[in-house]
Amino acid sequence: MKVRKVRGTRDILPDKIRKWQYIEKIAREILENFGFQEIRTPLFEETPLFSRSIGEATDIVAKEMYTFKDRKGRSLTLRPEGTAPIVRAYLENRLPTPAKLYYLGPFYRYERPQAGRYREFYQIGAETIGSDSPASDAEIISLTMTLLKKLGLKDLILQLNGAGCRKCQPDYKEALKNYFRKKLNSLCDDCKRRYRKNPLRILDCKSKGCQKYIAQAPAISNYLCEKCKATLEEVKKYLDILKIEYTINPRLVRGLDYYTRTAFEITSRELGAQNAIAAGGRYDDLIEDLGGPSTPAVGVALGTDRLILALEREGVRLPVEEGIDVYLASLGTRASKKGFALVQRLREKNLKVEGSLSSKSLKSQLRLANKLGARYVLILGEEELTKKKAILKEMATGKQKKILLNKIVEEISRKVG
RNA sequence: GUGGCUGUAGCUCAGUUGGUUAGAGCACCUGGUUGUGGCCCAGGUGGUCGCCGGUUCAAGUCCGGUCAGCCACCCCA
């Protein structure tokens, strides 16, 4: 039996990894520009960290976590999202407040795979812990938009909403329940379930039958408390200052229980059903819930896989570097030994150098050099050795000239550098 | 978790109403005379037709199961 990759996982192969590296490089640059610092937390944590923060009733906790027992019987879970581990690390290490942290890496959820949805998926995220200023919300949104635009995405929609807080959310949920109670029989089966579990989720049901009732449903904006209202208004003002376009979607809800007040989502029109590239919001109660002092916070998570998918669908070409600087072709054993040393010296000059390790024909060595995208090829054979010169060929033009062996390193690093 | 579509060389796909050694393009390798790439030409390597079982004299082709991918739902980044 052949061993295959586990369902919902992927190998990111060399021909694609440049894109990933480029995206991660740009992401780091922008995040650092915005004053965020990288943090790395473990891929697995104690299970209660997630079940308590994300919410016992959510799908993530109820049926999508990779939970297992270790050899001492402790219940551990592969991280299904990034915020809870960071809050844990923030509290455990008593990081200075406000803490502006970012992370990137893999996350795990047991879902049915689909394009843009994997069981091992990658996210880039940022969290500002310890600031209740709506400017922080706007800053988080701004950095996300800056990154997406810098990478070349155009077809984006930013949706914003006030999700309410501990004070006003219960009132709104009650109002929703009152409203839908009489219509329960007309709603789809999923919504009947949502009615009991989390009435907020009825609001983004896609079924036509439910839509018409949803349109008439009470809007959360009428139920927000003063603080929630003020926060939303301020965030909008800050976004206006930055000229970031958004639409208010009063029915935007997040799937994780810890979100409060600001909720936002950035979608791409290119993506189909799994169209959320980035999403986030405030979670002003989470830190206290996890045993810390009452601390406001706001964050965002970006789906790297979906980001790449959207870039591909929009036909964006990333400026990734390809090819090597020098390929050394050698003929004969004496030349290949000499060449081996030369390759090393060129590499020490921080050049990308490849040399033939087998004694193939010059023709096939040049074919390989071409395939590797070599800018220059150094040809070294018996003839060159006796004359103490090598041939330097520029692949783009095909021009070649002879260079003294002891001047080669200098000459090439001048040309390439 | 539910429904649907798909599954043939590394990749993209052809394979007639089930019938002899399963094809193409790309990729890969070698060659087109002495030590020179990209184009072109010639030749070559490569497939237990996802896997298991069934129907049949005979299955890549039909049926069932299973696994995987995709689409929608669900969920979410």
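Naming convention: chains lettered A, B, ... in sequence-line order (proteins, then strands); numbering from 1 in each chain. Atom set for the values below is all heavy atoms of this structure, side chains included, hydrogens, waters and symmetry mates excluded.
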Colleague: Between A:R7 and B:G69, does any side-chain N or O lie under 4.0 Å from OP1 or OP2?
Modeller: yes
Colleague: When rounded to the nearest Å, what value does the distance between C1' atoms of B:U45 and B:G64 take?
Modeller: 37 Å
Colleague: Side-chain donor or acceptor of A:Q400 under 3.5 Å from a matching atom on the base of B:U36?
Modeller: yes
Colleague: Tell me whether the guanidinium CZ or amine NZ of A:K177 lies under 6.0 angstrom from the six-membered ring centre of A:Y195 and within 45° of its axis.
Modeller: yes
Colleague: In residues 369-393 of chain A, which residues come under 4.0 Å of RNA chain B by heavy atom?
Modeller: A:N370, A:K371, A:I379, A:E383, A:E384, A:I391, A:K393
Colleague: Report yes if a side-chain nitrogen or oxygen of A:R367 is closer than 4.0 Å to either non-bridging phosphate oxygen (OP1 or OP2) of B:G38; otherwise report no.
Modeller: yes
Colleague: Could you list by number each residue of residues 211-219 of chain A showing a heavy-atom separation from RNA chain B of less than 4.0 Å, or answer none if no residue does?
Modeller: none
Colleague: Hey, is the side chain of A:K363 pairing donor to acceptor with the base of B:G32 inside 3.5 Å?
Modeller: yes
Colleague: So what does A:K360 hit on the nucleic acid, given a heavy-atom distance under 4.0 Å: a base, only sugar-phosphate, or nothing?
Modeller: sugar-phosphate
Colleague: Just to be sure I understand the rule, does A:G8 reach a base, reach only the sugar-phosphate, or reach nothing, if contact means heavy atoms closer than 4.0 Å?
Modeller: sugar-phosphate
Colleague: What string of B, S and - do you get for nucleotides 72-77 of chain B 5' to 3' if you count protein non-hydrogen atoms under 4.0 Å?
Modeller: BBBBBB
Colleague: By the 4.0 Å heavy-atom rule, please label A:G125 as base, sugar-phosphate, or nothing.
Modeller: nothing
Colleague: Who are the ring-ring contact (aromatic ring centres under 6.0 Å, His included) partners of A:F107, not counting sequence neighbours?
Modeller: A:Y103
Colleague: Taking only residues two or more places apart in sequence or in another chain, which ones pass side-chain contact (heavy atoms from CB on, under 4.5 Å) with A:A126?
Modeller: A:L31, A:F36, A:Y102, A:I140, A:L143, A:V300
Colleague: Need to verify one output field. Residue with the more 5' nearest nucleotide on RNA chain B, A:Y110 or A:P113?
Modeller: A:Y110
Colleague: If you measure from the P atom in B:G60 to the same atom in B:C70, how many Å do you get, rounded?
Modeller: 28 Å
Colleague: Looking for any heavy atom pair under 4.0 Å, which part of the strands does A:A396 touch: base, sugar-phosphate only, or nothing?
Modeller: base
Colleague: Expressed as a whole number of angstroms, how long is the span from A:D11:CG to B:A68:P?
Modeller: 15 Å
Colleague: Is it true that atom CD of A:E32 has more than 12 heavy atoms of other residues, nucleotides or ligands lying nearer than 6.0 Å?
Modeller: yes
Colleague: May I have all residue pairs that pass salt bridge (charged side-chain N to carboxylate O under 4.0 Å, His left out) and include part of residues 359-385 of chain A, sequence neighbours excluded?
Modeller: A:R334-A:E382, A:E383-A:K387
